[in-house]
Amino acid sequence: MTYTGVTRPTGHTQPAPRFPFPHHPAPTRFQTEPTTFDFANGDRSGGTRAAAERRLARARRACSGCPIVTDCLKWALVNKNLAKVGIFAATTPAQCTALRKRMVDRLGPDWIDALADQDQARREQAATVRHTPLTISHARIVRLDRETNEPTPQPLAPTAARPAA
């Protein structure tokens with residue numbers, strides 16, 4: 001299996017089955033502009049450090065509006081051998097390595113299993129919520145919250161100044 005913009009390392013490393021590569025119905029910038037995300041540790045193909053920083057900033061801006069950024073980061077963290085090159089969820093390979101170390105510190109050496117269990121629990125909770133209607137008191141709270149926290153109306157265009165009396 002190959003992914004647009006992802007350089008395949010030598011050897012036949014398979015992606016983790018519990019964390020498939022994220023997809024979205026609309027094409028993402030990763031699919032339409034794969035060269036934007038082609039970045040390796042210490043990559044200076046642009047010549048200078050400033051050029052490399054500009055390329056990195058452009059990739060991060062592209063990731064900032066992506067609808068699958070969270071799943072993309074999970075995929076990159078779990079599939080270490082497949083994410084050695086490239087920008088995933090606005091993180092460089094070195095930043096992904098640091099994040100993996102933090103995950104080990106936070107969740108233990110089996111952090112991938114813990115992350116998969118958390119994702120499964122979220123999916124199950126979302127399915128339960130979809131199929132369980134709100135109680136009357138919860139529905140009232142939701143309605144009050146919407147009424148209270150809806151965006152404030154924009155003021156009308158300024159009126160002409162009144163003459164001084």
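Here the CZ-CG distance, from Arg146 to Leu144, works out to 11.0 Å after rounding to the nearest 0.5 Å. Gln95 CD to Thr97 OG1: the interatomic distance, rounded to the nearest 0.5 Å, is 10.0 Å. Going from atom NZ of Lys84 over to atom CG of Asn79 covers 12.5 Å, rounded to the nearest 0.5 Å. Taken from CZ in Arg102 to CG in Asp105, the straight-line distance is 9.0 Å, to the nearest 0.5 Å. We find the CG-CG distance between Asp117 and Asp110 to be 10.0 Å, quoted to the nearest 0.5 Å.
Closest approach of Cys66 to Thr28, counting heavy atoms only: SG-CG2, 4.2 Å. Here the shortest heavy-atom pairing between Phe37 and Ala59 reads CE2-O, 3.7 Å. Across all non-hydrogen atoms, the minimal contact from Arg60 to Ala90 is NE-O, 3.1 Å. Between Ala76 and Ala83, the shortest heavy-atom contact is O-CB, 3.7 Å. Ala89 and Cys72 make their closest contact through N-SG, 3.7 Å (heavy atoms, listed as atom of the first residue, atom of the second, distance). Closest approach of Ala26 to Gln31, counting heavy atoms only: O-OE1, 4.2 Å.
Under the side chain to side chain donor-acceptor pair (under 3.5 Å) criterion, Gln125 pairs with no residue at all, not counting sequence neighbours. With sequence neighbours left out, Gln118 forms a side chain to side chain donor-acceptor pair (under 3.5 Å) with no residue at all. Residues satisfying the side chain to side chain donor-acceptor pair (under 3.5 Å) criterion with Arg58, sequence neighbours excluded, are absent altogether. With sequence neighbours excluded, the residues satisfying side chain to side chain donor-acceptor pair (under 3.5 Å) with Arg123 are Gln120.
In this structure, Arg55 contributes its side chain and Asp38 its backbone to a donor-acceptor pair below 3.5 Å.
Counting only residues at least two apart or on different chains, the salt bridge (Lys or Arg N to Asp or Glu O under 4.0 Å) pairs with a member in residues 62-77 are Lys74-Asp119.
Counting non-hydrogen atoms of other residues, nucleotides and ligands closer than 6.0 Å to CD1 of Ile136 gives a total of 12 or fewer. Shown here is Arg140, whose CZ atom has no more than 12 heavy atoms of other residues, nucleotides or ligands within 6.0 Å.
Using cut-offs of 30° and 60° on the angle between ring planes, the pair Trp75 and Phe21 is perpendicular.
Connectivity analysis of hydrophobic side chains (ILVMFWY, heavy atoms under 4.5 Å, direct or indirect) links Leu77 to Phe19, Leu73, Val78, Leu99, Met103, Val104, Leu107, Trp111, Ile112, Leu115.
In this structure the side chain of Pro93 never reaches within 4.5 angstrom of the side chain of Phe88, judged on heavy atoms.
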